[in-house]
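In what follows, every heavy atom counts, from backbone to side chain, and hydrogens, waters and symmetry copies are set aside. Throughout, numbering of the chain's residues begins at 1 and tracks the sequence.
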Amino acid sequence: MRLRLRVLGGKHHGDVIDFVEPRRVHIGRDPESDIVLEAGNASRRHARIHWDGENLMISDLESRNGVVVNDEIITRQTMLKAGDSIALGGCELKIEDKDSRQIGPTNFDPLAMTVDEE
């Protein structure tokens with residue numbers, strides 16, 4: 001599985017970071033961050049995402065307002081997987097599988113289908 005990070009809000013809305021080789025992504029208000037947060041509730045060095053080639057991990061860098069993964073505040077380094085959502089400093093991030101292919105519309109609901117029987 002090849003993972004990527006999609007930014008869903010803030011200054012970097014729409015940006016995508018592909019994890020193809022070991023890499024660290026720093027997130028915070030610091031202008032040197034890979035993803036710069038502008039919200040007042042973001043810390044200068046808020047979080048770090050680390051890809052070692054096999055595992056994608058996120059760490060809260062002792063931020064003032066924390067990091068939320070899938071609606072839970074994390075208190076230690078946490079492994080991420082495709083489908084996970086991250087909220088921090090007024091920004092939402094999504095972890096995606098680059099290799100997955102969607103077929104049909106994204107709002108398709110097979111349970112909502114009706115069949116005419118004659």
Requested in this report: Could you tell me which residues satisfy side chain to side chain contact (heavy atoms under 4.5 Å, CB included) with Arg24, sequence neighbours excluded, listed by chain and number?
Outcome: His26, Arg48, His50

Requested in this report: Scan side-chain atoms only and decide if Asp30 and Ser33 contain a donor-acceptor pair under the 3.5 Å cut-off.
Outcome: no

Query raised in the report: With the 4.5 Å side-chain cut-off for hydrophobic clustering, are Val36 and Ile58 part of the same group?
Result: no

Report task. Measure across Ala39 and Gly89 and return the closest heavy-atom pair with its distance rounded to 0.1 Å. Result -> CB-O, 3.2 Å

Query raised in the report: Are Leu37 and Ile27 close enough, and set up right, to give a side chain to side chain contact (heavy atoms under 4.5 Å, CB included), and what steps lead you there?
Result: CA-CA 7 Å; Leu37 303 175; Ile27 305 167; 3.6 Å; yes

Report summary line: Here the gap from Ser85 atom OG to Asp71 atom CG, rounded to the nearest 0.5 Å, amounts to 6.0 Å

Requested in this report: Please report the closest heavy-atom contact between Asp60 and His46, naming both atoms and the distance.
Outcome: OD1-O, 3.3 Å

**Report entry** In one Ile/Leu/Val/Met/Phe/Trp/Tyr side-chain cluster, 4.5 Å: Ile95, Val68
**Finding:** no

Query raised in the report: How far apart are the C-alpha atoms of Val25 and Trp51, what are their side-chain angles, what is the distance that settles it, and do they pass the side chain to side chain contact (heavy atoms under 4.5 Å, CB included) test?
Result: CA-CA 9 Å; Val25 174; Trp51 170 251; over 6 Å; no

Requested in this report: Decide whether Ile17 and Leu80 are clustered together by the hydrophobic rule: side chain heavy atoms of Ile, Leu, Val, Met, Phe, Trp, Tyr closer than 4.5 Å, transitively.
Outcome: yes

Query - Crowding at CD1, Ile73 (>12 non-hydrogen neighbours, <6.0 Å) - result: no

Requested in this report: Evaluate the criterion side chain to side chain contact (heavy atoms under 4.5 Å, CB included) for residue pair Leu88 and Ile86; output intermediate values, then yes/no.
Outcome: CA-CA 7 Å; Leu88 57 127; Ile86 304 161; 3.1 Å; yes

Query - Euclidean distance, Lys81 NZ relative to Thr78 OG1, rounded to 0.5 Å - result: 10.5 Å

Report summary line: Arg64 meets the side chain to side chain contact (heavy atoms under 4.5 Å, CB included) criterion, sequence neighbours left out, with Arg29, Ser43

**Report entry** Asp84-Asn70 side chain donor-acceptor pair, cut-off 3.5 Å
**Finding:** yes

**Report entry** Set of side chain to side chain contact (heavy atoms under 4.5 Å, CB included) partners for Glu96, sequence neighbours left out
**Finding:** Arg4, Arg6, Lys94

Report summary line: Residues Leu3 and Asp97: closest non-hydrogen pair is CD2-CA, 4.3 Å

Requested in this report: Could you go through the side chain to side chain contact (heavy atoms under 4.5 Å, CB included) check for Cys91 and Val7 one step at a time?
Outcome: CA-CA 8 Å; Cys91 185; Val7 182; 3.7 Å; yes

